[in-house]
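First the structure, in the form of structure tokens, and then the observations on it.
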Amino acid sequence: MIEQILINTIHKAIKELYGQEIPCNIAQVQKTREEFEGDYTIVVFPLLKTSKKGVEQTAEELGKYMVANLIEVTGYNIIKGFLNLSISNVYWLDFFNENVGKSNFGSHNQKDTDPVVVEFSSPNTNKPLHLGHIRNNLIGWSVAEILNNNGQKVARVNLVNDRGIHICKSMVAWQKWGNNNNPENSNIKGDRLVGDYYVLFDKKNKEEITSLMADGFTKDEASNSTSLMLESKQMLKDWEDGIEEVRELWKKMNNWVYKGMDATYARMGISFDKVYYESETYLLGKKLVEEGLRSGVFFQKDDGSVWCDLSEDGLDEKLLIRADGTSVYMTQDIGTAQLRYDDYHPSELIYVVGNEQNYHFDVLKLILKKLGKSWADHIRHLNYGMVELPFGKMKSREGTVVDADDLIDEMYLTAKKTSEELGKFDDFSNDEATELFNMLSMGALKYFILKVDPKKTMVFNPVESIDFNGNTGPFIQYTHARIRSIIRKSNQLKINYNLKFNIDYKFERKEISLLKLLHNYPEITKQAAYSHSPALIANYAYELAKEYNQYYHEVVILKEVDENKRNFRILLSEFTGNNIKSSMALLGIQVPERM
RNA sequence: GGUCCAGUAGCUCAGUUGGAUAGAGCAGCAGCCUUCUAAGCUGCGGGUCACAGGUUCGAGUCCUGUCUGGAUCACCA
């Protein structure tokens, strides 16, 4: 890479000119800003202490040295302590020739290491997926793609939270008021049907609390002693005791949910290498907790509940097993972590879970360490920010949750309507049109979410539907379709553009900008992997598409009379198109040949 | 109250290990389709980077304090 060559040469220059070594972080090379002449810029200020000369003179001496010692550097200019270097056309041309046909440009070689396990999605089986899950799924999937592209083996795993008090609530409500409704006879998607009973439970339970409080109970007393809550708790106990009737009901309702969720996953284009179920891991968790209790890592209170004392670590006591013997979230997470370690021996264990659970993961890591699990250090909580609505957080009780299926439906209709208004899919068959609308609607949704830094809270306005113009997925998809159109035409015209073009090719301004962006791609993919950030890829893809559209308007491609120029432009277009396609693939977004 | 995270244009977001005059898109206004896809391109307006100090050649970026918003501190997950 040219940046590294420049940095190394600066070090050599300083040594030869001023007879001193400088620390490795002092020499800074950055891209020259658009408004100045040159390609890369050396900031001279930090070097003055070493050179013991004025800014201008130091810059001048360095500039001369760079030109004299690097064939890649053809010239320089100095503005206010910034040394701008111009890179030779030959360098860009060599880069182009070497990489233009590579199908794996921007991906990195497979390293022989243990796999990275990426856990994401992690739904509960008591309600359908919503917008928050969508962000989780998209980030998880994309990060897995990015790591894989970076040469790491990746296992995508899902942990389904299929047991617990919340599931029992849906079950209790269905038993009481379900009238034997099921997805078939009610024609309601299974995950939604179960979710409806969860909401119903909450409603009825609230009514009961209100009436208890009217009878003089405090709010806490009332919340803990409603008949509905007691029934749910009993059901959880029965479930853990393996009462067959309860298990049957549980299986039945969970299967409704799975079928519904699978449909949603399929629409999002998401799948897993392995699915873990809490119902299958919590016992291992319990076992580990009991071992910890025996070895004195944990302690038991008089009521029988088991705790971990984290006060030495500046945290509170943490409950691990309830007084009635049932397990909590933390219990099963300990088991799942162990199971996953046994299954994969991962080099890194990434949990894609919202930042509201930061505390939970701090505690999980601490507890695992206390249990003597050295691999606890391999756990990394990829904590992403909440998705908020313009008027605040989504709240299921207030009916402001944006349902995943509804949102996807809406996006599809918007894609269809927009396409119809533009009226350019007349020769598409029904199947082709459907495929295109799916691609565009999911592209718009995925890009909208992934372009935002995962760490940050983001705002989604369900009233203004997601845009299809500007900094959007469809804009990038459109650019790809445009490029493919040129390639198709060049094939029709039987242009053999894979010819050698002359080395003295004189680049257009925008051609250099495009080459620089393309040149930067491998570095971007590395950074994205290192920082687990799809947003870097999304922003890159947008920059590239924008640059290409400007280029497209500035120059003619197929109608260029100079064969040499024309061939280069076609190839550059194809290179750009391939790069758009592969970067979008890292986001889990497909791009169309035509739109 | 303790801990953690955030605050950049009317709105949604970028802004690399501190570097030049803080950038995009949307929304608004004005232009560009007899030429390769107008889901595009060009131009205009829009900023006390929450506030106040500090560190230094240089701070949106680092440090301290204040304000505002959010998360969390459950025998929920």
Side-chain angles (χ1 to χ4, degrees), chain A residues 25 28 30-33 35-36 41 43-46 48-49 55 79-82 84 122 124 126 161 164-167 169 224 233 278 301 303 305-307 314-316 318-324 326-330 332-333 354-360 362 383 385-386 388 390 392-393 415 418-419 421-422 424 440 444 448 451-453 455-461 464 467-479 481-486 488-490 493 523 527 531 535-536 538-539 542-543 545-546 549-550 552-560 569-570 573 594-595:
Chain A
N25 56 350
Q28 295 174 35
Q30 53 195 258
K31 281 167 214 120
T32 303
R33 293 176 63 129
E35 58 267 35
F36 302 106
T41 295
V43 186
V44 183
F45 295 108
L48 300 182
K49 274 182 194 156
V55 186
I79 299 168
K80 293 199 293 185
F82 294 88
N84 301 319
S122 322
N124 293 355
N126 65 329
N161 196 268
I165 191 78
H166 50 297
I167 318 287
K169 290 179 183 176
N224 283 323
K233 282 180 183 170
E278 189 191 334
K301 289 192 179 175
D303 62 3
S305 57
V306 179
W307 298 74
L315 303 173
D316 277 338
K318 184 72 195 175
L319 176 84
L320 296 174
I321 292 183
R322 292 190 186 99
D324 67 1
T326 58
S327 56
V328 292
Y329 181 43
M330 186 60 75
Q332 65 87 14
D333 250 12
N355 60 14
E356 60 197 348
Q357 292 192 35
N358 286 353
Y359 180 77
H360 173 78
D362 289 345
N383 56 343
M386 301 284 97
E388 286 185 356
K393 225 190 147 185
T418 308
S419 299
E421 278 166 10
L422 292 166
K424 47 178 168 175
L440 295 179
F448 179 86
K451 75 172 182 187
V452 180
D453 183 340
K455 298 259 175 251
K456 292 195 174 174
T457 304
M458 65 176 291
V459 176
F460 174 80
N461 189 339
E464 303 165 15
D467 234 299
F468 283 64
N469 300 317
N471 187 357
T472 66
F475 167 83
I476 300 167
Q477 291 170 314
Y478 173 73
T479 310
R482 254 187 167 175
I483 290 171
R484 296 314 301 171
S485 170
I486 285 185
R488 275 195 305 279
K489 288 220 163 98
S490 77
L493 297 169
E523 191 56 32
Q527 270 180 33
S531 58
L536 294 179
N539 287 324
Y542 173 64
E543 282 299 319
K546 196 168 64 155
N549 275 314
Q550 291 166 357
Y552 181 92
H553 278 263
E554 268 185 29
V555 304
V556 288
I557 297 172
L558 291 173
K559 293 188 177 161
E560 170 58 49
R569 289 174 185 174
I570 297 172
S573 299
R594 294 194 297 159
M595 69 182 268

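Keep in mind that the numbers below use all heavy atoms, side chains included, and drop hydrogens, waters and symmetry copies. In what follows, chains carry the letters A, B, and so on, assigned in the order in which the sequence lines appear, proteins first and then strands, with residues in each chain numbered from 1.
Taking 90° from 0 as the syn/anti boundary, the base of B:rC26 is oriented anti.
In this structure the side chain of A:Ile486 never reaches within 4.5 angstrom of the side chain of A:Arg569, judged on heavy atoms.
B:rU61 and B:rU56 have their P atoms separated by 16 Å, with the value rounded to a whole Å. Rounded to whole Å, the C1' atom of B:rA52 lies 46 Å from the corresponding atom of B:rC75. Across the P atoms, B:rG7 and B:rU16 are found 12 Å apart, a figure rounded to whole Å.
Atom CD of A:Glu464 is surrounded by 12 or fewer heavy atoms from other residues, nucleotides or ligands within 6.0 Å.
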*What's the verdict on side chain to side chain contact (heavy atoms under 4.5 Å, CB included) for A:Leu315 and A:Tyr359, showing C-alpha distance, side-chain angles and the deciding distance?*
CA-CA 9 Å; A:Leu315 303 173; A:Tyr359 180 77; 3.6 Å; yes
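Residue A:Thr41 is classed as a base contact, given a heavy-atom separation below 4.0 Å to a base. Residue A:Ile557 is classed as a base contact, given a heavy-atom separation below 4.0 Å to a base. Backbone-only engagement by A:Val459 is indicated by non-hydrogen atom pairs under 4.0 Å involving sugar-phosphate atoms exclusively. As judged by a 4.0 angstrom heavy-atom cut-off over every strand, A:Pro390 is placed among residues making no nucleic acid contact. Nucleic acid contact class of A:Tyr542 (heavy atoms, under 4.0 Å, all strands): sugar-phosphate only. Residue contacts shown for A:Val43 include a base, since a base heavy atom lies under 4.0 Å away. Residue A:Val555 is classed as a base contact, given a heavy-atom separation below 4.0 Å to a base.
Base pairing of B:rA6: its partner is B:rU68, meeting the Watson-Crick or G-U wobble criterion (both donor-acceptor distances under 3.5 Å). B:rG43 is paired with B:rC29 under the Watson-Crick or G-U wobble criterion, all donor-acceptor distances under 3.5 Å. Nucleotide B:rU16 forms no Watson-Crick or G-U wobble pair with any nucleotide shown, as no partner meets the under 3.5 Å limit on both distances. Nucleotide B:rC62 has B:rG54 as its partner under the Watson-Crick or G-U criteria, with both atom distances under 3.5 Å. With a 3.5 Å ceiling on both atom-pair distances, the Watson-Crick or G-U wobble partner of B:rG1 is B:rC73.
With A:Ser305 as the fixed residue, the side chain to side chain contact (heavy atoms under 4.5 Å, CB included) test singles out one of A:Ile321, A:Leu319, A:Val328: A:Leu319.
The ring of A:Phe460 has its center closer than 6.0 angstrom to the ring center of A:Phe448.
At B:rG23, one or more side-chain N or O atoms of A:Arg33 fall inside 4.0 Å of OP1 or OP2 (strictly under the cut-off). Close to B:rG40, at under 4.0 Å from its OP1 or OP2, lies a side-chain N or O of A:Asn469. A sub-4.0 Å separation between OP1 or OP2 of B:rC36 and a side-chain N or O of A:Ser485 is absent. Within the 4.0 Å cut-off from OP1 or OP2 of B:rC36, not a single side-chain nitrogen or oxygen of A:Arg569 is found.
Using modelled atom types, one finds a donor on one side chain and an acceptor on the other under 3.5 Å when comparing A:Asn549 with A:Thr479.
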_Contact state string [nucleotides 67-77 of chain B, B base, S sugar-phosphate only, - no protein heavy atom under 4.0 Å]_ = ----SSSSBSB
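Residue A:Lys456 is the one, among A:Arg594 and A:Lys456, whose nearest nucleotide of RNA chain B lies closer to the 5' end (criterion: closest heavy atom).
At a cut-off of 3.5 angstrom, counting only N and O atoms as typed in the model, there is no donor on one side facing an acceptor on the other between the side-chain of A:Thr479 and the base of B:rA39.
Of the listed nucleotides (B:rU12, B:rU21, B:rU37), B:rU21 has the atom at the smallest distance from the side chain of A:Lys80. Residue A:Pro46 places its side chain closer to B:rG19 than to any other of B:rA14, B:rG19, B:rA20. Listed nucleotides B:rA20, B:rA14, B:rG19 differ in distance to A:Asp453; the shortest reach to its side chain belongs to B:rA14.
Scanning both residues, A:Asn84 and A:Phe36, for their nearest heavy atoms gives ND2-CB, 4.0 Å. The two residues A:Lys451 and A:Ala538 make their nearest non-hydrogen contact at CA-CB, 3.7 Å.
The aromatic rings of A:Phe45 and A:Phe82 stand perpendicular to each other, their planes meeting at an angle above 60°, with 30° marking the opposite boundary.
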